[in-house]
2 protein chains.
Amino acid sequence: MSGTHHVPSQSGPVVEAIRAAIVSGDYVPDQRLVETDLSERFSASRGAVRSALLQLGNEGLVERVPHRGARVRAVPLAEAIEILEVRMAVEGLCAAKAAQRVTETEIAELRGIREGMAAAVESGAVMAYSELNNRLHRRMLEMSGQRTAGGVIERLRGQAVRHQFRLAMQPGRPSVSLPEHLAIIDAICSRDPAAAEEAARQHLGSVIRALRGTAAPGPGTAVPDSGTS
Amino acid sequence: MSGTHHVPSQSGPVVEAIRAAIVSGDYVPDQRLVETDLSERFSASRGAVRSALLQLGNEGLVERVPHRGARVRAVPLAEAIEILEVRMAVEGLCAAKAAQRVTETEIAELRGIREGMAAAVESGAVMAYSELNNRLHRRMLEMSGQRTAGGVIERLRGQAVRHQFRLAMQPGRPSVSLPEHLAIIDAICSRDPAAAEEAARQHLGSVIRALRGTAAPGPGTAVPDSGTS
DNA sequence: GGCGACAATATTGTTACCAATTCTCCGGCA
DNA sequence: TGCCGGAGAATTGGTAACAATATTGTCGCC
């Protein structure tokens, strides 16, 4: 097996834990991240938490202001679109490279993902589809052999994950994105770099258009006070 | 004016100092970075140095292994090429955006850079040309308005700066890159996004080809092996 | 009743110290 | 001679206390 994801695991388990808590929505945007709280929550020393926050700040997931602490960074829609535009460029590159370097076993794996995605959409299994979606993008990066590009995209994905998640939950969205994903898979399996790049770009372009369509309601709707408290 | 809103200046002056020392060649690749040494060298506490090394490690400039300290990361040629491939994609995007959004005053500034570059190459002023080159790339990013892409490229540039510097020192290299730079400038000034993207991609493609030519002196790795018989 | 200064609190930033780990060097031994 | 093992030094990682700073609540004054 290709093992677990290697890029974002560098500086200890605390970083991963906090990152997971953020991307899973356990901490909402603009929520304060007090060092002592996290220290107790994750059973780690304050220094470890401090380092983790530093790294997450560098990663763009949290915002740190001197003497005022860290809070979950709220990525505005415009920036999410910027992120997707960069991803469009880089993932286009990766798709092309993947089409050049793909092996037979990888083609088989992609075909498996393809079937799974079609089945998930057919049966309305949104979460399963989202999971396969993540896996497809990740495996495509690995197949491209472009570690640098993979790291860049991984980081960008982390920042915009909330927007993408919200988008994936829109009813009818899977039926739109499914053919795009299938086109990417088919192009890679056909070892057609140009088609793969074009398919990847079209897919992310579609995501951008869809994101633009989701009206971002102004301030006043987000209430951080959820459940436990 | 937009002033100097550099992305990588966030976590204190120590980070910038160490980064400057690394990119300026003051610390060579694989050189150990002992915390106490840096602490004394930059008159900062060990904790500050620690944080700085953490951030630089996250940035890809230094390599940190647990209990073994940090050292300047030696970016292999293959990775430098990967980095340039990503830059090719992202800077292509930025060039296109810049061509869409460029203002009249910015066009005037670009024309100034254009003249300066031509004059520098004419007179053989390598350093001045390199400086203008940096400025051109940086201003193009700013004009594109793509902050995300700018941050990505800035980071990638930092990692491969040594290779690019070595390349810029090659005799005759400026005469090759000058027309490419001029093409980028002209395309942006003509507000032609497609041409700008193409010009940027061609330029970086040329850099990649040139880099491939530098350090491939035949079979076997040309490591500076001390006096073999 | 509203507003500004002041104290109390909470939180981060820094420093000093100790523990854990690795590297180096030296000596013993087959 | 070459290799194994251990003591010592060097360096990093972690922890706790301290200092600096921002936030919040309170009191007096207009």
Side-chain angles (χ1 to χ4, degrees), chain A residues 6-22 26-74 219 222-226 228-229, chain B residues 6-19 21-22 26-74 226:
Chain A
H6 32 306
V7 179
S9 64
Q10 268 186 343
S11 205
V14 190
V15 188
E16 291 184 30
I18 299 180
R19 176 171 24 224
I22 291 178
D26 216 345
Y27 291 124
V28 298
D30 275 337
Q31 179 169 351
R32 285 195 59 189
L33 299 174
V34 180
E35 293 182 358
T36 55
D37 290 357
L38 281 78
S39 172
E40 184 177 355
R41 169 98 142 63
F42 298 105
S43 308
S45 77
R46 200 164 80 91
V49 170
R50 192 173 181 71
S51 302
L53 288 181
L54 208 67
Q55 172 159 347
L56 291 176
N58 198 280
E59 238 170 80
L61 257 76
V62 310
E63 204 172 10
R64 278 170 36 87
V65 286
H67 293 95
R68 272 210 238 176
R71 50 185 65 223
V72 179
R73 194 165 83 91
V223 178
D225 193 338
S226 74
T228 62
S229 130
Chain B
H6 285 166
V7 178
S9 63
Q10 265 184 340
S11 211
V14 191
V15 189
E16 291 183 30
I18 299 181
R19 174 171 26 221
I22 291 178
D26 218 345
Y27 292 124
V28 298
D30 274 338
Q31 179 169 350
R32 282 196 60 189
L33 298 175
V34 180
E35 294 182 358
T36 56
D37 290 356
L38 298 166
S39 173
E40 184 178 355
R41 170 99 142 66
F42 298 104
S43 308
S45 76
R46 201 163 79 91
V49 170
R50 193 174 180 70
S51 302
L53 288 181
L54 209 66
Q55 174 159 347
L56 291 176
N58 201 280
E59 239 170 79
L61 256 76
V62 310
E63 203 173 12
R64 279 170 34 87
V65 285
H67 293 96
R68 273 203 220 178
R71 50 185 67 222
V72 179
R73 194 165 83 92
S226 57

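Remember, it's a predicted structure, so these values are computed and weren't measured experimentally. So you know, we letter chains A, B, ... as the sequences are listed, proteins then strands, and number each from 1.
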Using salt bridge (Lys or Arg N to Asp or Glu O under 4.0 Å) as the criterion, list what pairs up with B/R71, not counting sequence neighbours. none
How does protein contact run along nucleotides 8-19 of chain C, one letter per nucleotide 5' to 3', with B for base contact, S for sugar-phosphate only, - for none, heavy atoms under 4.0 Å? ---SBBBS----
Of all residues at least two apart in sequence or in a different chain, which pass the side-chain contact (heavy atoms from CB on, under 4.5 Å) check with [X]?
{"X": "A/R73", "value": "A/E63, A/V75, A/E79, A/Q159"}
{"X": "B/A17", "value": "B/F42"}
{"X": "B/T36", "value": "B/V34, B/R46"}

Listed by chain and number, what are the side chain to side chain donor-acceptor pair (under 3.5 Å) partners of A/D37, not counting sequence neighbours? none
